[in-house]
Amino acid sequence: MDKSETDDLRARGWWTGLAIAVLLLGLPLAVWLDLTNLADAALRRQASDLNSVIKSVRHYYAANVVGRILSHPGQVQVIHDYENVPGAIPIPATLSLELGKVIGEQQSNITYRFVSDYPFANRAPHQLDAFERDALAALRKDSSENIVSASAGLFSDSVRLVSPVTMAPACVACHNSHPESPKRDWKVGDVRGIQEVMITQPIAANLFSFKFLLAYFVLAAACGVSFLTMQRRQSQKILAMNHELETNNDFLASLSMKISRYIPPQIYKSIFSGQKDVVIHTERKKLTIFFSDIQNFTATTERLQPELITQLLNEYFTEMSEIAHRYGGTIDKFIGDAMLIFFGDPETKGDRADAQACVRMAWAMQRRLSELNAKWRAAGIEQPFRSRIGINSGYCNVGNFGSADRMDYTIIGAEANLAARLQSIAEPGGIVVSYETYALVSDIIDAHALPSITMKGISREVVPYAVDHLRDGSEASAVVIEKMPGFDFHLDTAAVAATDSERVRSVLLQALSSLDRRQPKAAE
């Protein structure tokens, strides 16, 4: 991802945060506006309904009361069948019944009913539903409170309010004496019937009262969709970046593993952990240097095919490298069939511990090579490898040598050359150490001194020591290898099991006896 895309994502993030803040601040404002609008709409609706009811009552009163009195001046009668008597006006019950019809015709959402289960004989019986019958029975027991029922539907809400119609003194006198009254024992305060007001309110009318909140939710939904879309795009970009990073990491890991094959593991770790910089830099340190070479390797290559030589040499270096890693040695380089290894850099355990680790490594290498020789001879190779090892301890320059384009982590100094010279005087299968190394490892080895040598670049005489064996039981072994016409001998005492010792001794005695029997014939 380039800088422009990064800046674009950052800008989108700022705008998204600003939009979320505005939406959070806008929610209470939208609710307040909608509540104000809802209150205003409710007040307007109540005023309109009340105005319509009053107008209906006024028109009814003007036509059926005032108009009738004015058209027939004189004695006024108040009777239920007032329409048949000139100048008569309706009684309250009749007035209530007829007002219910008038209000219902004028108001589609308001219904008024005046019903009783004791209608006059000349009137049709009133139809009461279950709610009205239950309300009437409840009010006759306790007429102090009104009864209200509310119901909610999918498209509208409704409220039914029922109040009692109680008998006043004039009502009692009329009903108890009227010939058409179905009941003649009324008392003041009795509940004759009920009057019911039912108001229906469509949901849509209230729904659109929340237009600001709905607009807020629409805006919030749009912002949410935009935010999710942006997040999805960003997540896709992040996934693509992660995939690219994983690919690059896999490539770098593979590349680093390949590079690690060309440099010592200690150097590889120190470079990739950031402990060392890849710059030209050297230090002077006391090291223990190991140098090994295969005896008569050039002659061996002439006897064997190149493919077989390559196979044997790679197997030899693989085994020797594994041993070097086990003991903590830094493999400097392979020089043909030779190996240069040093102890003391980049990690050190001290001069004595480094020198002892190097000697133990050399002993383990000779022992392992003897095992490889047995394996190779069994595979038909007549003269396998035998190596010579030289070890020296001293100060060398160690670090990165070379140019800014090409470097080599190695050591330089006369002490390294001395290790190579000690190797040259060692017996095949043997280990020769300098006096400096012998002084550091004398407590773990048995060795004997060799004739002193001199070397160009070193002013002192060097006393070499040939290692006979290690003193500690973990590495103690005596390996005897010899091959000549009619004689192929390999013995590793450390590898011989205790139960097989007698068998080995018997075989050796039998071989000596056979050789003794042949000796007189040779003398004859």
Side-chain angles (χ1 to χ4, degrees), residues 49-107 110-149 159-199:
D49 292 342
L50 181 60
N51 176 68
S52 178
V53 170
I54 293 174
K55 185 184 295 184
S56 299
V57 172
R58 187 178 69 247
H59 288 169
Y60 177 84
Y61 180 79
N64 294 284
V65 178
V66 176
R68 292 179 66 84
I69 294 175
L70 292 177
S71 62
H72 297 86
Q75 186 178 1
V76 177
Q77 300 183 58
V78 182
I79 56 177
H80 69 279
D81 55 347
Y82 72 97
E83 293 178 345
N84 299 324
V85 179
I89 60 176
I91 63 175
T94 302
L95 176 65
S96 297
L97 292 172
E98 293 185 348
L99 280 177
K101 296 179 182 178
V102 172
I103 293 172
E105 292 173 354
Q106 296 295 327
Q107 300 294 321
I110 300 177
T111 302
Y112 174 81
R113 276 169 56 82
F114 183 89
V115 293
S116 174
D117 53 352
Y118 292 106
F120 277 23
N122 63 341
R123 291 184 180 274
H126 298 161
Q127 299 297 323
L128 281 72
D129 59 19
F131 171 72
E132 293 170 335
R133 288 193 297 271
D134 295 340
L136 183 58
L139 290 173
R140 279 183 175 150
K141 294 179 181 179
D142 182 9
S143 61
S144 61
E145 294 184 1
N146 298 332
I147 297 177
V148 180
S149 174
V159 175
R160 301 176 70 178
L161 185 145
V162 175
S163 62
V165 178
T166 58
M167 300 294 285
C171 298
V172 171
C174 176
H175 279 262
N176 286 341
S177 61
H178 200 286
E180 297 180 1
S181 175
K183 180 176 171 64
R184 302 295 181 88
D185 57 350
W186 292 104
K187 298 180 180 63
V188 176
D190 285 351
V191 177
R192 182 193 172 212
I194 58 173
Q195 65 177 4
E196 178 184 7
V197 177
M198 183 169 63
I199 301 177

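- Shown here for S181 and W186, the closest heavy-atom pair between the two residues is OG-NE1, 4.2 Å.
- Proximity of a side-chain donor or acceptor of R140 to a complementary backbone N or O of R192 within less than 3.5 Å is detected.
- Taking every heavy atom of both residues into account, P125 and P119 meet most closely at CA-CG, 4.0 Å.
- Of all non-hydrogen atoms in V191 and S143, the two that sit nearest each other are CG2-CB, 3.9 Å.
- Residue E196 holds its CD atom at 8.5 Å from CG of L161, rounded to the nearest 0.5 Å.
- By the 4.5 Å heavy-atom criterion applied to side chains, P164 and N146 are counted as neighbours.
- With rounding to the nearest 0.5 angstrom, the CG atom of L139 is 9.0 Å from the OG atom of S144.
- Minimum heavy-atom separation, A138 to I147: CB-CD1, 3.8 Å.
- Minimum interatomic distance between V172 and V188 (heavy atoms only, all atoms of both residues): CG2-N, 3.6 Å.
- Here the straight-line distance linking atom CD1 of I194 with atom NE2 of H126 works out to 11.0 Å at 0.5 Å rounding.
- Comment: K183 engages D185 in a salt bridge, judged by a side-chain N to carboxylate O separation of less than 4.0 angstrom.
- One finds the CG atom of D190 at 11.5 Å from the NE2 atom of H175 (value rounded to the nearest 0.5 Å).
- Checked against side chain to side chain contact (heavy atoms under 4.5 Å, CB included), D129 has the following partners two or more places apart in sequence or in another chain: F131, E132, R160.
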